[in-house]
Amino acid sequence: MKQKLIELVKKSLDTCLERGLLEKKDIPPIEIEATKEDAHGDYATNAAMVLASLMKMNPRKIASLIVENIEDTEGRVEKVEIAGPGFINFFMKDVLWVKLLAEVNGKDEKYGESTLGEGRHVQVEFVSANPTGPLHIGHARGAVIGDVIANILTACGFSVSKEYYINDAGNQMNNLGKSVSLRYRELLGESVDYPADCYQGQYIIDLAHEIVEKHGTYYKDNESEGTVSFFTDYAAGSILDGIKKDLEDFGVVFDCFFSEKTLYHDNGVEKLLRELQEKGYVYHDGPTVWFKTTDFGDEKDRVVVRENGEPTYFAADIAYHKNKYERGFDKVIDIWGADHHGYVPRMYAGIQAIGKDKDALDVVLVQLVSLLRDGKPVAMSTRAGEFVTLGEVVAEVGKDASRYNFLMRRSHSHLDFDLELAKRQSNENPVYYVQYAHARISSIIRTAIERGYAIPAYADIDVTLLTLPEELALIRAIDRFPELIEGSAISLEPHRITFFCNDLASLFHSYYNKNRVVSDDEGLTKARLFLVKCIGIVLRNALRILGVSAPERM
RNA sequence: GCGCCCGUAGCUCAGCUGGAUAGAGUGGCAGACUUCGAAUCUGUUGGUCGUAGGUUCGAAUCCUACCGGGCGCGCCA
């Protein structure tokens with residue numbers, strides 16, 4: 001609908017230019033937006049006002065020129081008005097709106113998809129927590145946001161790969177192995193002075209138990225250089241399995257788990273360092289190697305090889321990103337906790353040094369979550385072993401409700417997650433409001449079938465029967481869905497979809513309370529059934545993108 | 001000290017990349033089930049958009065300076 005109007009206005013402008021009514025200049029792209037108020041018609045454009053300063057003419061004068069030269073050959077527009085400082089308001093013929101439903105119904109589960117991405121390859125990397133402990137609530141938000149961004153991009157025609165980067169090569173891993181081995185010895189009766197900097201959680205002891213059960217005292221009796229690495233590998237593998245399971249229960253499934261270790265095995269880090277050297281982006285200070293990230297706008301240079309000769313995490317991360325691009329991704333999106341924001345400029349420096357454009361990377365920062373229980377903050381520290389795991393949250397609050405909750409705010413705003421509140425108020429949770437709308441639609445359709453109505457096809461309905469303002473408002477909302485998804489994709493903002501769902505559900509509930517869908521009036525019933533079915537399609541598609549179920553009954 | 005994010009109704013938050021009279025939810029108050037599901041709906045209450053300037057036809061949105069809150073500033077990851 002919007003596109004057609006843009007064409008009309010564009011054509012009118014061309015006509016004005018040809019006839020010399022307007023001076024030839026670079027015309028900026030025409031923008032048309034859906035209006036907020038009925039009095040302003042269905043759509044409005046500010047084109048005249050934008051051109052006014054360019055042409056040095058009165059905006060209302062330009063507006064009237066545009067209006068006079070519109071050739072609405074297909075008869076779509078009911079009325080055009082010039083309003084306020086120079087807005088052009090378009091009133092579309094009502095029937096046109098109803099006709100849009102044919103498209104919704106025809107595309108069904110594909111309604112809302114677009115070709116914006118043109119098949120470009122995008123990778124979304126998220127969660128990427130060290131396998132040193134179970135995922136907690138803080139990871140959950142990043143997990144949902146990453147997952148939904150991937151879904152949105154997929155719906156927009158991008159070829160998307162979801163990836164989890166396993167940081168399994170650092171000191172933390174050695175520490176993990178050490179922690180488990182000490183607990184193991186403790187369980188076998190040895191008196192152990194357990195250090196404060198080791199992992200404190202109960203899960204470490206559980207892992208030690210497992211090892212005792214499987215291997216007895218073997219690793220105590222046969223201690224060697226490989227012993228700690230056995231504990232490390234065992235623990236990391238087991239914890240990672242747990243992470244995968246928690247994510248799966250949360251509806252988050254990755255296409256790829258990428259191990260940091262493989263970067264070293266393939267000499268990726270070494271190759272990267274050589275590349276930076278060859279390109280002249282590094283300098284040496286004794287054994288330390290510095291990368292001149294200031295060349296790319298960072299506030300200070302960063303170390304890539306430490307004094308002890310080992311590459312830093314940063315060096316590995318650049319190598320990792322290089323690897324991503326070598327795998328053929330046109331664009332890479334990193335979802336990070338907001339506490340890593342200081343890291344953003346150096347990552348941009350990194351990808352530019354390996355010859356990538358800044359556009360090839362987007363970093364989405366997700367604010368950390370404060371977990372509350374009864375309004376009181378729950379102290380969370382992986383190291384101290386005090387945390388509520390993602391698995392516990394999902395078990396307690398439910399997948400749909402917790403996902404939806406994380407998606408209700410912009411990712412860069414703070415979020416309080418109160419467990420007791422989430423449980424106690426579960427009936428008032430917005431997710432149920434939306435799901436209820438969907439269940440209600442299913443119920444209406446069931447009722448209609450019971451009373452002998454068939455699910456109508458577009459050809460069966462009389463489009464002139466849907467004339468109520470509420471019905472047109474619903475159709476308008478439905479019509480905006482594809483633009484909404486595209487907007488979410490461009491801005492990488494999943495929360496827009498939850499707001500859309502709430503708005504659409506609200507329009508529907510209100511309509512439902514005021515009007516009867518299934519009645520004795522056969523024509524009207526068919527028309528309304530068709531409308532309601534289309535609303536259901538859109539709700540279902542929106543919820544699917546959010547990874548939230550659309551129940552037929554509740 | 002420097003950098004990033006946030007500041008909008010009593011509370012929690014939107015505001016579609018600069019548009020017309022700033023919106024939801026929640027809370028308070030008053031109503032609606034003999035009829036497709038009341039996990040719903042209707043009405044009402046509620047604002048110096050942190051403050052002060054600037055940019056222009058037009059600013060919650062962009063620029064500058066302050067105020068207040070969070071985070072970061074390691075050869076940790």
Side-chain angles (χ1 to χ4, degrees), chain A residues 31 33-37 39-40 44-46 48-50 52-53 58-60 83-87 89 128-130 132 167 169-173 260 285 287-290 299-300 302-317 337-345 365 367-368 370 408-410 412-416 421 425-433 435-437 439-448 450-451 480 483-484 487-488 490-491 493 495-496 498-500 502-503 505-506 508-519 525 528-529 532 553-554:
Chain A
E31 283 185 30
E33 61 169 15
T35 56
K36 287 178 202 156
E37 278 182 61
H40 299 146
T45 178
N46 60 356
M49 290 181 290
V50 173
S53 55
N58 183 324
R60 289 191 67 108
F87 288 103
N89 294 333
S128 299
N130 287 357
T132 55
N167 298 131
N171 291 330
Q172 305 291 345
M173 298 309 296
E260 184 185 357
D285 175 18
T288 308
V289 182
W290 293 79
E299 47 186 19
K300 55 182 178 181
R302 309 290 172 177
V303 170
V304 283
V305 178
R306 295 173 213 165
E307 200 172 7
N308 66 8
E310 291 205 6
T312 59
Y313 173 81
F314 178 43
D317 215 3
D339 53 341
H340 288 65
H341 70 258
Y343 200 82
V344 174
L365 296 174
Q367 273 295 343
L368 302 184
S370 334
M408 289 203 55
R409 293 170 170 61
R410 305 208 309 285
H412 47 271
S413 68
H414 294 262
L415 171 65
D416 287 340
L421 215 63
Q425 293 192 335
S426 62
N427 279 359
E428 294 165 39
N429 197 307
V431 69
Y432 295 109
Y433 183 76
Q435 288 183 319
Y436 184 56
R440 208 171 216 184
I441 288 168
S442 304
S443 171
I444 292 171
I445 291 172
R446 280 194 300 268
T447 302
E450 276 169 26
R451 299 191 190 172
R480 288 196 62 195
E483 308 165 27
L484 172 94
S488 308
I490 291 164
S491 59
E493 291 181 344
H495 74 276
R496 293 189 190 188
T498 56
F499 280 88
F500 173 85
N502 276 296
D503 290 345
S506 170
F508 167 72
H509 283 310
S510 177
Y511 174 66
Y512 172 88
N513 270 273
K514 210 163 151 190
N515 304 99
R516 178 152 277 277
V517 175
V518 183
S519 67
T525 299
R528 288 183 172 173
L529 265 180
V532 158
R553 298 170 204 269
M554 292 175 66

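Residue numbering restarts at 1 for every chain, and letters A, B, ... go by the order of the sequence lines. Predicted model, so just to flag it, every value in this text is computed and none were measured.
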Does the protein touch nucleotides 32-38 of chain B at the base, only the backbone, or not at all? Give it as B, S and - per nucleotide, heavy atoms under 4.0 Å.
---BBBS

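- Aromatic ring orientation, A/Phe508 versus A/Tyr512: tilted (interplanar angle from 30° to 60°).
- Side-chain nitrogen and oxygen atoms of A/Ser413 include at least one within less than 4.0 Å of the OP1 or OP2 phosphate oxygen of B/A14.
- The same atom, C1', is picked in B/C62 and in B/G1; the two are 28 Å apart, to the nearest Å.
- Checking B/G15, B/G19, B/C76 against every side-chain atom of A/Val50, the shortest atom distance belongs to B/G19.
- Taking only distance into account, the side chain of A/Arg480 meets the base of B/C16 through a donor-acceptor pair shorter than 3.5 Å.
- Using a 4.0 Å heavy-atom criterion, one finds that A/His40 contacts the bases of the nucleic acid, with or without backbone contacts as well.
- Within the 4.0 Å cut-off from OP1 or OP2 of B/C73, not a single side-chain nitrogen or oxygen of A/Lys300 is found.
- In this entry the distance linking CZ of A/Arg306 with C1' of B/G74 reads 10 Å, nearest Å.
- Within the 4.0 angstrom heavy-atom criterion, base atoms lie near A/Asn89.
- In this structure, A/Asp339 reaches the sugar-phosphate backbone alone: every heavy-atom distance under 4.0 Å involves primed, P, OP1 or OP2 atoms, never a base.
- For A/His495, the listed nucleotide lying nearest its side chain is B/G15; candidates were B/A77, B/G15, B/A20.
- Between A/Arg410 and B/G15, a side-chain N or O to OP1/OP2 separation shorter than 4.0 Å is present.
- For B/C5, the OP1/OP2 oxygens have no side-chain nitrogen or oxygen of A/His341 closer than 4.0 Å.
- As judged by a 4.0 angstrom heavy-atom cut-off over every strand, A/Phe87 is placed among the base-contacting residues.
- One can find a donor-acceptor pair under 3.5 Å joining the base of B/A77 and the side-chain atoms of A/His340.
- As judged by a 4.0 angstrom heavy-atom cut-off over every strand, A/Ser510 is placed among residues touching the sugar-phosphate backbone only.
- Checking the phosphate oxygens (OP1, OP2) of B/C76, no side-chain nitrogen or oxygen of A/Arg302 falls inside 4.0 Å.
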